[in-house]
Asker: 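Submitted below is the structure of interest, expressed as structure tokens.
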Protein chains: 2
Amino acid sequence: MNIGQAAKASGVSAKMIRYYDEIGLVRPASRTESNYREYDDRSLNELRFIRRARSLGFSMPEITQLLSLWRDRQRPSRDVKAIAERHIADLDARIAEMQAMADTLRHLSHCCAGDDRPECPILEDLTRS
Amino acid sequence: MNIGQAAKASGVSAKMIRYYDEIGLVRPASRTESNYREYDDRSLNELRFIRRARSLGFSMPEITQLLSLWRDRQRPSRDVKAIAERHIADLDARIAEMQAMADTLRHLSHCCAGDDRPECPILEDLTRS
DNA sequence: ATGGGGCTTCCCATGATGGGAGGGTCAAGG
DNA sequence: CCTTGACCCTCCCATCATGGGAAGCCCCAT
């Protein structure tokens, strides 16, 4: 399977597949005589794994760890769960931060007439704090 | 006022002040004979404005717009409110996305024993989807 | 006058991703 | 058999906001 077909089948762009190859996230792809990368079902599963993990917001270092646990049939599920919980905490923190921003803005926006006049509590807030 | 003092007084690092200068976000700072940037109260207010806007999650292009409205005493508050509302919608979308990630992970993590055994619903999910 | 700290510019790195140039390869159809 | 178009390869560049650091100039206090 060529990189283009692997990209289509895995949902990971060819660019990113080469990048994952370069940084050693996936096992280096075998090459044809003419230096084309070739992929099999096992590679595809790795790529899909990565895509799914990315879509859950895991960072590349976290995915590196997850992949190595995934490959290890003896892994304790404890280790996987620890990574997941850490990531959940991270997400929650970022959500809380953005929620606070949105709430503040909603309040300010609510107080702003939003018409032709120049008075604006939003700008006033940005000025003062 | 030197850049270091302006940094301390505004809460924006000297590095970032130079950067805002370079990209034209703030008016170019006047210079002393020996080419040191100098800042007055008006500059400080701009820097504080930017810092506050950043802390509410506004992007640099949005801040550019906000600054120009802020400088224009004739601005219609409608324009400011429009920017704020767009940003709120953006925040809400990102929050929803991260919330979905966190919820999925919470479910998977809840189903994972987290002990010595290798069985792990988290890895299974990453494998299948 | 000298030393330490602050200022200047310039370069580099981040993380994940895409764009594009220049050049080799493969397969299908004339 | 040759051409053509669609692949593939590597290498370089850009993003966005931020920080680190080097080399060199400047200012103030001792």
Side-chain angles (χ1 to χ4, degrees), chain A residues 1-26 28-40 43-44 46-67 87 90-91 94 97-98 101, chain B residues 1-26 28-40 43-44 46-67 87 90-91 94 97-98 101:
Chain A
M1 210 182 321
N2 276 342
I3 198 173
Q5 298 168 297
K8 203 167 292 178
S10 68
V12 179
S13 75
K15 273 282 193 198
M16 289 316 296
I17 296 179
R18 291 195 196 95
Y19 176 65
Y20 296 155
D21 197 344
E22 185 190 333
I23 65 174
L25 185 60
V26 294
S30 58
R31 303 288 186 123
T32 67
E33 274 185 7
S34 55
N35 204 31
Y36 282 21
R37 288 175 181 81
E38 37 184 14
Y39 296 91
D40 55 17
S43 321
L44 268 195
E46 274 192 5
L47 291 173
R48 291 205 187 97
F49 182 97
I50 294 170
R51 185 175 65 87
R52 173 69 175 154
R54 288 291 303 143
S55 82
L56 287 175
F58 285 104
S59 70
M60 308 298 281
E62 285 167 333
I63 295 179
T64 303
Q65 295 181 285
L66 287 173
L67 268 174
H87 182 48
D90 194 58
L91 284 170
R94 284 193 281 156
E97 199 180 341
M98 295 173 57
M101 292 176 184
Chain B
M1 209 182 324
N2 275 343
I3 198 172
Q5 298 168 297
K8 203 167 291 179
S10 68
V12 179
S13 75
K15 275 281 193 197
M16 289 314 297
I17 296 178
R18 291 195 196 96
Y19 175 66
Y20 296 155
D21 197 342
E22 185 190 332
I23 65 175
L25 185 60
V26 295
S30 57
R31 303 288 185 124
T32 66
E33 276 184 8
S34 54
N35 204 31
Y36 281 21
R37 288 175 181 80
E38 38 184 13
Y39 296 90
D40 55 18
S43 321
L44 267 196
E46 275 193 4
L47 292 172
R48 291 204 187 96
F49 182 97
I50 294 170
R51 184 175 65 88
R52 173 68 175 155
R54 287 292 301 144
S55 82
L56 287 175
F58 285 104
S59 69
M60 308 299 282
E62 284 168 332
I63 295 180
T64 303
Q65 294 181 284
L66 287 173
L67 269 175
H87 182 48
D90 194 58
L91 284 170
R94 284 193 281 156
E97 198 180 342
M98 294 172 58
M101 293 176 183

Asker: Looking across every strand, which nucleic acid part, if any, lies under 4.0 Å from A/R37 by heavy atom: base, sugar-phosphate, or nothing?
Answerer: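 It contacts sugar-phosphate atoms only.
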
Asker: How far apart are the closest heavy atoms of B/A14 and B/I3, and which atoms are they?
Answerer: O-CD1, 3.7 Å

Asker: Looking only at side-chain N and O atoms, does A/S34 come under 4.0 Å of OP1 or OP2 in C/dC26?
Answerer: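 Affirmative; the distance criterion is met.
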
Asker: Would you mind reading off the distance between B/I23 atom CD1 and D/dA14 atom C1', rounded to a whole angstrom?
Answerer: 16 Å

Asker: Return whichever of A/N2 or B/Y20 has its heavy-atom-nearest nucleotide of DNA chain D closer to the 5' end.
Answerer: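 The 5'-side residue here is A/N2.
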
Asker: Minimum heavy-atom separation for A/S13 to A/A7, with atom names?
Answerer: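 Closest pair (atom of A/S13, atom of A/A7, distance): C-CB, 4.1 Å.
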
Asker: So which of A/N2, A/I17, A/L44 actually passes side chain to side chain contact (heavy atoms under 4.5 Å, CB included) with A/Y39?
Answerer: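 Checked A/N2, A/I17, A/L44 against A/Y39; only one passes side chain to side chain contact (heavy atoms under 4.5 Å, CB included): A/I17.
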
Asker: Can you measure B/E38 atom CD to C/dT8 atom P for me and round it to whole angstrom units?
Answerer: 11 Å

Asker: What parts of residues 7-16 of chain A reach DNA chain C, counting only heavy atoms under 4.0 Å away?
Answerer: A/S13, A/K15, A/M16

Asker: Reckon B/R54 touches a base, only the sugar-phosphate, or nothing at all at heavy-atom distances under 4.0 Å?
Answerer: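 It contacts sugar-phosphate atoms only.
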
Asker: Rounded to the Å, how far apart are A/M1 CE and D/dC7 P?
Answerer: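 Distance check: A/M1 CE to D/dC7 P gives 16 Å.
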
Asker: Verify side chain to side chain contact (heavy atoms under 4.5 Å, CB included) between B/I50 and B/L25, making sure each step is shown before the conclusion.
Answerer: CA-CA 9 Å; B/I50 294 170; B/L25 185 60; 3.9 Å; yes

Asker: Search all heavy atoms of B/R52 against all heavy atoms of B/S55 and return the closest pair with its distance.
Answerer: O-OG, 2.8 Å

Asker: Can you list, in residue-number order, the parts of residues 56-64 of chain A that come under 4.0 Å of DNA chain D, counting heavy atoms only?
Answerer: none

Asker: On a heavy-atom basis, which atom in B/A29 and which in B/D21 lie closest, and how many Å separate them?
Answerer: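 Nearest pair, atom of B/A29 first, then B/D21: N-OD2, 3.8 Å.
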
Asker: Could you tell me the separation between the CD atom of A/Q5 and the P atom of D/dC7, rounded to a whole number of Å?
Answerer: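 That distance rounds to 10 Å.
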
Asker: Not counting sequence neighbours, which residues clear side-chain contact (heavy atoms from CB on, under 4.5 Å) with B/M98? List them please.
Answerer: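 Partners of B/M98 under the side-chain contact (heavy atoms from CB on, under 4.5 Å) test: A/L91, A/R94, A/I95, A/M98.
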
Asker: Below the 4.0 Å mark, does C/dT25 have OP1 or OP2 next to a side-chain nitrogen or oxygen of A/R31?
Answerer: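 No.
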
Asker: How many whole angstroms separate atom CZ of B/R18 from atom P of C/dT8?
Answerer: 5 Å

Asker: Please report, rounded to the nearest Å, how far the C1' atom of C/dA16 is from the CZ atom of A/R51.
Answerer: 16 Å

Asker: For the pair made of CG in A/D21 and P in D/dC11, what is the distance, rounded to whole Å?
Answerer: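 One finds 13 Å between P of D/dC11 and CG of A/D21, rounded.
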
Asker: Quick check against the 3.5 Å criterion: does A/R48 have a side-chain atom that pairs as donor or acceptor with the backbone of A/G11?
Answerer: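 Absent.
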
Asker: In this structure, how many angstroms lie between the P atom of C/dC26 and the OH atom of A/Y36, rounded?
Answerer: 6 Å

Asker: Consider the side chain of A/Y19, meaning its heavy atoms from C-beta on, and name the nucleotide among D/dC9, C/dA16, C/dC7 that approaches it most closely.
Answerer: C/dA16

Asker: Begin with the C-alpha distance, continue with both residues' side-chain angles, and end with the deciding distance and a verdict on side chain to side chain contact (heavy atoms under 4.5 Å, CB included) for A/R37 and A/R18.
Answerer: CA-CA 9 Å; A/R37 288 175 181 81; A/R18 291 195 196 95; 3.6 Å; yes

